[in-house]
2 protein chains.
Amino acid sequence: MNETLLKSGDNTDELWPTLVELVFATKSWWVALCSEFDLTPVQGQALRVLDPERPIPMSTLAEQLLCDASNVTGIVDKLESRGLIARQGADHDRRVKQLAVTERGCQIRDKLIAAIMTPPRSVIGLPREVKTRLADILRTLLNERGLSR
Amino acid sequence: MNETLLKSGDNTDELWPTLVELVFATKSWWVALCSEFDLTPVQGQALRVLDPERPIPMSTLAEQLLCDASNVTGIVDKLESRGLIARQGADHDRRVKQLAVTERGCQIRDKLIAAIMTPPRSVIGLPREVKTRLADILRTLLNERGLSR
DNA sequence: TATTGTTATACTCTATAACTATA
DNA sequence: TATAGTTATAGAGTATAACAATA
């Protein structure tokens, strides 16, 4: 066995643990961000996932929030009572309710998404090629089965 | 204005959005992982954060879970009732209760942490230098104010 | 019959405030 | 007085099961 190789192997395996730490650390980031808009984390997710251009059924929102359909009723109730989203009957099937984002909802959604998409300084400062390379790696990771679900 | 530069700039700013997507996607990964051990996500965090070598006070666990101390009582109750952790009186101050991980708790904790720390294929396959470089970047990101809290 | 969304129920996580036992 | 942990309370997220309206 080559000691140098072994040692190197240990040191370089910091990547995954660091990524895991980062993932755990971002929880408070998201909670704090949502709370700036008086949204709970799940409400923030719902508003983020909803598309102002294309209303989606309640069941689709349930899928995207990874929760049971029965929960969506309550989550949507709260956002609707604040006038951020609206239930709309669907023409083709009167059972489904399409979820639309209101004008007021769009204003908050835009700010929320802008805040999400603003990269931290240490990301902005990276060389262009490093960013591209890194993005590719993370994208591959994202598409790998087992992580996203 | 140089069009080529502008275009390049746009394309390379995939990094942060991809990382954000990854962070959101990992929620279900963590939920599923904890559920394999019959743990809720917060219970999993508690077991992960507790150190079998060094018991910590309830208040410290509250800090690490980023929640109010009053919640910790219930979370600890559940883990203790399953025999995974134990409250121990502290000698120096009889108000504080040190949280220790039991032998049974260690068994589950070890498996949980092993599962967390197992890198996905796409990470394992990366060249050594790439991993090191990437880990450095993520570490910098992790230490930046505003993300971790 | 099957599906969409709702309601009822029960459990966990969460914060705030009041309490206890120590310090 | 101040602090560590608890309890009481209320609100939000979660799943399961039963239900109404519609397909």
Side-chain angles (χ1 to χ4, degrees), chain A residues 24 27-28 30-50 55-82 84-100 149, chain B residues 24 27-28 30-50 55-82 84-100 149:
Chain A
F24 285 136
K27 187 202 166 189
S28 59
W30 179 242
V31 172
L33 186 53
C34 288
S35 114
E36 284 180 31
F37 300 97
D38 280 307
L39 296 168
T40 64
V42 173
Q43 286 167 10
Q45 278 298 344
L47 200 55
R48 183 182 85 95
V49 161
L50 287 176
I56 57 168
M58 309 270 292
S59 56
T60 305
L61 181 57
E63 280 170 26
Q64 300 212 260
L65 294 181
L66 299 164
C67 72
D68 190 84
S70 62
N71 303 317
V72 177
T73 301
I75 294 165
V76 165
D77 279 349
K78 280 160 204 129
L79 291 172
E80 194 175 30
S81 70
R82 281 178 60 186
L84 305 183
I85 67 176
R87 286 171 167 96
Q88 296 174 341
D91 300 335
H92 63 293
D93 187 337
R94 293 198 312 192
R95 289 174 304 179
V96 334
K97 292 174 186 169
Q98 305 278 7
L99 298 175
R149 44 170 166 160
Chain B
F24 285 136
K27 188 203 166 189
S28 60
W30 180 243
V31 172
L33 186 53
C34 288
S35 113
E36 284 180 30
F37 301 97
D38 281 306
L39 296 168
T40 64
V42 173
Q43 286 166 8
Q45 277 298 344
L47 201 55
R48 184 182 85 95
V49 162
L50 288 176
I56 58 168
M58 310 269 294
S59 55
T60 305
L61 181 56
E63 280 170 27
Q64 301 211 260
L65 295 181
L66 299 163
C67 72
D68 190 85
S70 62
N71 303 317
V72 177
T73 300
I75 295 165
V76 165
D77 279 350
K78 280 159 206 128
L79 291 172
E80 194 175 31
S81 70
R82 281 178 59 187
L84 305 182
I85 66 176
R87 286 171 166 96
Q88 296 174 340
D91 299 336
H92 63 292
D93 187 337
R94 292 198 312 193
R95 290 173 303 180
V96 335
K97 292 173 187 170
Q98 305 276 8
L99 298 175
R149 45 173 164 157

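Values reported hereafter were calculated over all heavy atoms of this structure, with side chains retained and with hydrogens, waters and symmetry mates removed. Chain letters run A, B, ... following the sequence lines, proteins first, then strands; residues in each count from 1.
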Here the gap from B/S59 atom OG to B/D68 atom CG, rounded to the nearest 0.5 Å, amounts to 11.5 Å
In whole angstrom, give the distance that lies between atom CD of B/Q88 and atom C1' of D/dG5.
16 Å
A/L39 and A/L84, any side-chain heavy atoms less than 4.5 Å apart
yes
Heavy-atom distance under 4.5 Å between the side chains of B/W30 and A/K27, does that happen here?
no
Quick check against the 3.5 Å criterion: does B/Q45 have a side-chain atom that pairs as donor or acceptor with the backbone of B/L65?
no
Return whichever of A/V96 or A/K27 has its heavy-atom-nearest nucleotide of DNA chain C closer to the 5' end.
A/V96
Do the non-hydrogen side-chain atoms of A/M58 and A/L99 ever get within less than 4.5 Å of each other?
yes
Non-hydrogen side-chain atoms of B/P57 and B/K97 separated by less than 4.5 Å:
no
Nearest-Å distance for atom pair CD/P, residues A/Q43 and D/dA12:
8 Å
Is there a side-chain contact between A/T40 and A/K78, using heavy atoms and a 4.5 Å cut-off?
no
Roughly how far, to the nearest 0.5 Å, is the OG1 atom of A/T60 from the CD atom of A/Q98?
8.0 Å
In 5'-to-3' order, the base (B), backbone-only (S) or no-contact (-) status of each nucleotide in nucleotides 15-23 of chain D, using a 4.0 angstrom heavy-atom cut-off, is BBB---BBS
Rounded to the nearest 0.5 Å, what separates atom CG in B/L61 from atom CG in B/L50?
5.0 Å
Taking any atom closer than 4.0 angstrom to a non-hydrogen atom of chain B, what span of DNA chain C does the protein reach, first nucleotide to last?
C/dT12 to C/dA23
Any side-chain heavy-atom pair from B/F37 and B/Q43 closer than 4.5 angstrom?
no
Which whole-number value in Å describes the distance from A/D38 CG to D/dA12 P?
12 Å
Closest non-hydrogen atom pair between A/G44 and A/C34, with its separation
CA-SG, 3.9 Å
In numerical order, the residues of residues 55-63 of chain B whose heavy atoms come under 4.0 Å of DNA chain D are B/P57, B/M58, B/S59
Quick check on DNA chain D: between B/T73 and A/K78, whose nearest nucleotide comes earlier from the 5' end?
B/T73
